[in-house]
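Below you'll find the structure, written out as structure tokens, and then a few comments.
Per chain, numbering begins at 1; letters A, B, ... match sequence-line order.
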Amino acid sequence: MTPEIIAQVLISGLLMGLIYALVAAGLSLIFGLMDVVNFAHGELLMLAMYATFVIFAATGLDPVLQLPIVALLLFGAGVAIYRGLIGRALGVQFNRGTVQIFVTFGLAIFIRGAAQFIWGGDFRSVSGAWLSNRSAEFAGVFIPLPQLAASAVCLLAFAGLLLVSRTEFGKALEATREDRDAVALIGIDRNHVFALGWGLGAGAVGIAGAMLITFYYVSPSVGANFAVIAYVTVALGGFGSMLGALVAGVIIGEVEAITALVLEPSLKQIGMFAVYLAVLMFRPRGLFGRL
Amino acid sequence: MRGNAITRRRRGELVVGAVLLVLLIALPLPIRDVYTQNLIITTILFAGLAQAWNILGGYCGQISLGHALYFGIGGYVSTLMFVNAGIPPSLGMFAGGLVGGLIALLVGWPCFRLSGHYYAIATVVVGEIGYLLFLNWEFVGAAMGVYVPFKGESFIDLQFRTTKLPFHYVVLGFAALTWIAAWLIEGSRWGYTWRAVKDDPVAARSLAVQVFPSKMAAAAVSGFFTGMGGAIYAQYVGYIDPDSVLSGQLSILIALPAVLGGVGTLWGPLLGAAVLIPVSELTRSYLGGGGRGIDLMIYGGLIVVVALARPAGLISLLGVRSQAGGADIPAKDADARAA
Amino acid sequence: MPALLEVANVSKSFGGVAANVDISFDVQPGEILGLIGPNGAGKTSLFNSISGEVTPDRGEIRLDGRRISGLGPVACARLGIARTFQVVRSFDSMTVLENVMVGAFSRTARAQDAMAQALDVLGFAGLTARADTLAHQLTPPEKRRLEVARALATRPRLLLLDEMLTGLTPTEAASGVQLIRDVRDRGITVIMVEHVMEVLLPLVDRAVVLNLGRVLMQGSPQQVVRDPDVIRAYLGDKYAA
């Protein structure tokens, strides 16, 4: 266990953690707005990855350059999902909590089936991109450039989300989260805000996905894997907290990397699960949760 | 004392239940093809599992998305006892149930303080941990799982090879048992106090209902029956491994029929299983073969449509009294905190 | 006669805001005590301390001489304290009868007994006709009545009514008042928080007035109505003189 190996593990954990953070941020945003846990979040990530793959295969456009396109596509998907489904789920009178859990679950299964239908079950990745298969070396530690770029982009996107929260729209988002019934009185169209919130949440995931595919395989089932990590990250950070998503993402990324090293790769998720449960015992609403 | 609506309804439920039981006893007799027999057995088994889930999720309002843990552990306990100690599964399934119930208590103890979504996700995580542990544990066969050795046809050993018919009656007995348990609970102090906890924990406490012990009791009963179901399943399939009995997908499959059928009702889980299991099996068989994913699209689409169109569950289509009034009204808890 | 309930120097703050400051008063068995004061005076907060929902920061609450503050809502309910809530908390997925049965189950484990007792209470509260209606389908005054019935099913010694008569029409309020009188006639002591003075003052035996978290004064309804401090608290300085 040389210092280089430890540094390697910690750095790769950090990089992955920042990506988890962005995925979680999108989920947290949606929840914070309207108490809806989007169980199709992992599938949205998967869609973003496929979208990037397809565009790359068709046009050769590098994933980094595709970011605005994929983000916009996913933004649209998020809005469409809200308007088509979630809006209706919120209008339901009974069992609202269970209904939206299972509506998004059904959606997840549907999207997974659709992905299988369109692209088959094979694993795909983008390997001809500008940064693919390149790494930087620093004091004996190898940092793969795709991962580095991905985490940098995710960090930027995170900052972007924070900036948005300071704009007019961001304030409307916050107000709607605080008291979704009262905002109608000050002229904020709740539906409008919710739809845009979904769009933002999905867009964030879109950015993460576009970067993820430069070093991770996509298949119809990849969504499920990331989904669990995303939920754990959000719950650990606290639903509704952006800061929580960031901190938790990094923690989860590091714990995963360390567990893979200390135990064995197939058990790497146990570490993060154990940490998650341990934290929840002391802080039932996550590290920074106020909902 | 006047025979009021409650007493009449409950008597009616027993009658309907008895009739249904008789029908289901007779149902498999004319059926010869194995595929259909299997479909019916699977449907009835999941009806029982959904009913067991409903005891915690429907009546007590704790939406567990990790119930496969108890199912799988029940299966492993019974199977390992059979393989290693020669204990017949007809006894082993009770042991499986007991362990299932114990694990449910163990999980519930820290998790019941979590609210709503935090609880649901915690159950997912616990389920995943269980899956990963069994996947890497040599004693239980790790990823290879455990084969159930065939020792000859017998009810004691719960093994039948020449025909599936006895299994039909075993799972029917199981489902009937869970139905009776649910019926008894509904009419008992537990049934009332659990539903009170689900609807409004603050008001429930003001009426001397202890929330935590209620949830623990519900968890124990639910875990017990789920574990028993797992033991029966292991004998039916003859083989057990983490992917088949501990997966997250299975957890959803256990919870789904109750939710779509009508959470917190007596008939909801049965109706949900009767619709969902055949649809999922049939779409997979006829449409899923080429790995085209159409079966998933239909299955997922069906879930979405039913959840939106009938939020109170399919049971509301029958005009049977469904759970009116949502259980999750976060505003109430907010009031309590602010008061 | 020893007091049924003693509130002794109770103080409670929430997040830096003092809701109750040094509150002391006694409640005699069999009396109807009014707890009044302008909005934000700390009435519901005090109720929450008495019913065990919250624990006072300082001071003590005793029932029959035995300390109950800090025991929690379940223990207080078992010891004979029942309450209604300012915003009605009915079990919406259950019928009226089932709601009341939940209360009855605090005293018996047998469903048959619980049902019999619940039906009895429903008769007393005038809700027999609605026994099989789902709680969320009741009219607001019926819902209030249901909460009272449900609380009564726990066979309390002390009943706390939180704004039970607010927002009712005069006819509805009159029948509510009658219900409260019937409750007292059954031997149950009542503390009621109320805003509607015209209804409250003729009903109660004594009143405790809270303002800004403290006890302003206590006395008979006639004394309260004429007290200059009370008038000032409610109507402002203009009317005090």
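Other residues, nucleotides and ligands contribute only 12 or fewer heavy atoms inside 6.0 Å of the CG atom of C/L212. In the displayed structure, C/R214 atom CZ is contacted under 6.0 Å by at most 12 heavy atoms of other residues, nucleotides or ligands. Counted within 6.0 Å of CH2 on B/W179, heavy atoms from surrounding residues, nucleotides or ligands total more than 12; the atom is thus considered enclosed.
At a 4.5 Å heavy-atom cutoff, the contact between C/T108 and chain B is made by backbone atoms alone. For C/T154, the part lying under 4.5 angstrom from a heavy atom of chain B is the side chain only. Contacts between B/S188 and chain C at a heavy-atom distance below 4.5 Å involve the backbone alone (N, CA, C, O). With a threshold of 4.5 angstrom between heavy atoms, C/A109 approaches chain B through its backbone and through its side chain. With a threshold of 4.5 angstrom between heavy atoms, C/R107 does not approach chain B through any atom at all.
When side chains are defined from C-beta on, C/E98 counts as touching B/R195, because their heavy atoms get closer than 4.5 Å. You'll find the side chain of B/Q210 reaches within 4.5 Å of the side chain of C/R78, heavy atoms only. Considering only heavy atoms from C-beta on, C/M115 comes within 4.5 Å of B/T7 through its side chain. Looking at C/F105 and B/V209, their side chains never come closer than 4.5 Å, going by heavy atoms from C-beta outward.
Screening B/V197, B/L207, B/D200 for a side-chain contact (heavy atoms from CB on, under 4.5 Å) involving C/V102 leaves a single residue, B/L207.
Of the possible polar contacts, none joining the B/R205 side chain to the C/P73 backbone as a donor-acceptor pair under 3.5 Å is found.
Summarising the geometry, atom OH belonging to B/Y192 is positioned 11.0 Å from atom CG belonging to C/N99; distances are rounded to the nearest 0.5 Å. Distance check, rounded to the nearest 0.5 Å: CZ of B/R9 to CG of C/D132 gives 9.5 Å.
Of the residues considered (C/R83, C/E147, C/R150, C/Q86), C/R150 shows the highest number of contacts with chain B, using heavy-atom pairs under 4.5 Å.
Taking every heavy atom of both residues into account, B/A203 and C/F91 meet most closely at CB-CE2, 3.9 Å. Of all heavy-atom pairs spanning B/S206 and C/A77, the tightest one is O-CB, 3.4 Å.
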